[in-house]
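Quick notes on the structure that follows.
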Amino acid sequence: MQDRLSQTFSALSDPTRRAILARLSSGETSVSDLAKPFRMTAPAITKHLKVLEKAGLISRTRHAQWRPAKLEALPLKEASDWIEQYRKMWEERFDRLDDYLRHLQSKPSGTE
């Protein structure tokens, strides 16, 4: 059993699934519309949708014969928040390195 963050990153590891999410960011759509830009069958797209649905990145509803997929943003926010904490840590480290390099450059040559 994977935790939700692992499921999110696993689902995002595939470029087709990322492209599907990008397409769904402009609104819900059907499997056939999602399949159009790809060179793959509707069943292959459905498999990708199942992975995204299992990760909580999309949801699908049913309106008569139409079963649209919709982007669910919460798992993406959780992944973004997780990455953000490391971005901040690295930014602080680079800022300290910048300060140290400026300090070294401000000293006259030959002194340490």
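Model, not experiment: these values are computed from the prediction.
- A side-chain donor-acceptor contact under 3.5 Å links Ser13 to the backbone of Ser10.
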Go through it in stages, so that I can follow the logic: the residues are Asp81 and Lys77, the test is side-chain contact (heavy atoms from CB on, under 4.5 Å), and I'd like the CA-CA distance, side-chain angles, deciding distance and then a yes or no. CA-CA 6 Å; Asp81 290 348; Lys77 182 177 179 342; 2.8 Å; yes
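- Here the side chains of Tyr100 and Asp95 are not in contact, with every heavy-atom distance at 4.5 Å or above.
- Ile20 belongs to a hydrophobic cluster whose remaining members, ordered by chain and number, are Leu12, Leu21, Leu24, Val31, Leu34, Phe38, Met40, Ile45, Leu49, Leu52, Leu57, Ile58, Leu71, Leu76; membership requires side-chain heavy atoms of ILVMFWY residues under 4.5 Å apart, directly or through intermediates.
- Listed by first and then second residue, the ring-ring contact (aromatic ring centres under 6.0 Å, His included) pairs involving residues 50-69 amount to none (not counting sequence neighbours).
- At distances below 3.5 Å, at least one donor-acceptor pair connects side-chain atoms of Thr8 with backbone N or O atoms of Arg4.
- Looking at Glu91 and Arg87, a side-chain N of the basic residue comes within less than 4.0 Å of a carboxylate O on the acidic one, giving a salt bridge.
- Interatomic distance, Thr29 OG1 to Arg67 CZ, rounded to the nearest 0.5 Å: 14.0 Å.
- Listed by chain and number, the residues in a side chain to side chain contact (heavy atoms under 4.5 Å, CB included) with Ser32 are Ser30 (sequence neighbours excluded).
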Asp99 vs Phe94, side-chain contact (heavy atoms from CB on, under 4.5 Å): CA-CA, chis, key distance, verdict: CA-CA 9 Å; Asp99 290 345; Phe94 285 131; over 6 Å; no
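- Atom OG of residue Ser59 and atom CD of residue Glu72 lie 3.5 Å apart, to the nearest 0.5 angstrom.
- For the pair Arg18 and Asp14, the salt-bridge criterion is not met [side-chain N within less than 4.0 Å of a carboxylate O].
- Residues forming a side chain to side chain contact (heavy atoms under 4.5 Å, CB included) with Arg93 (at least two apart in sequence, or on another chain): Met89, Trp90, Arg96.
- Take Val51 and apply the side chain to side chain contact (heavy atoms under 4.5 Å, CB included) test, not counting sequence neighbours, and it matches Ala11, Arg17.
- Residue pairs meeting the salt bridge (Lys or Arg N to Asp or Glu O under 4.0 Å) criterion with at least one member in residues 29-58, sequence neighbours excluded: Asp33-Lys36, Glu53-Arg60.
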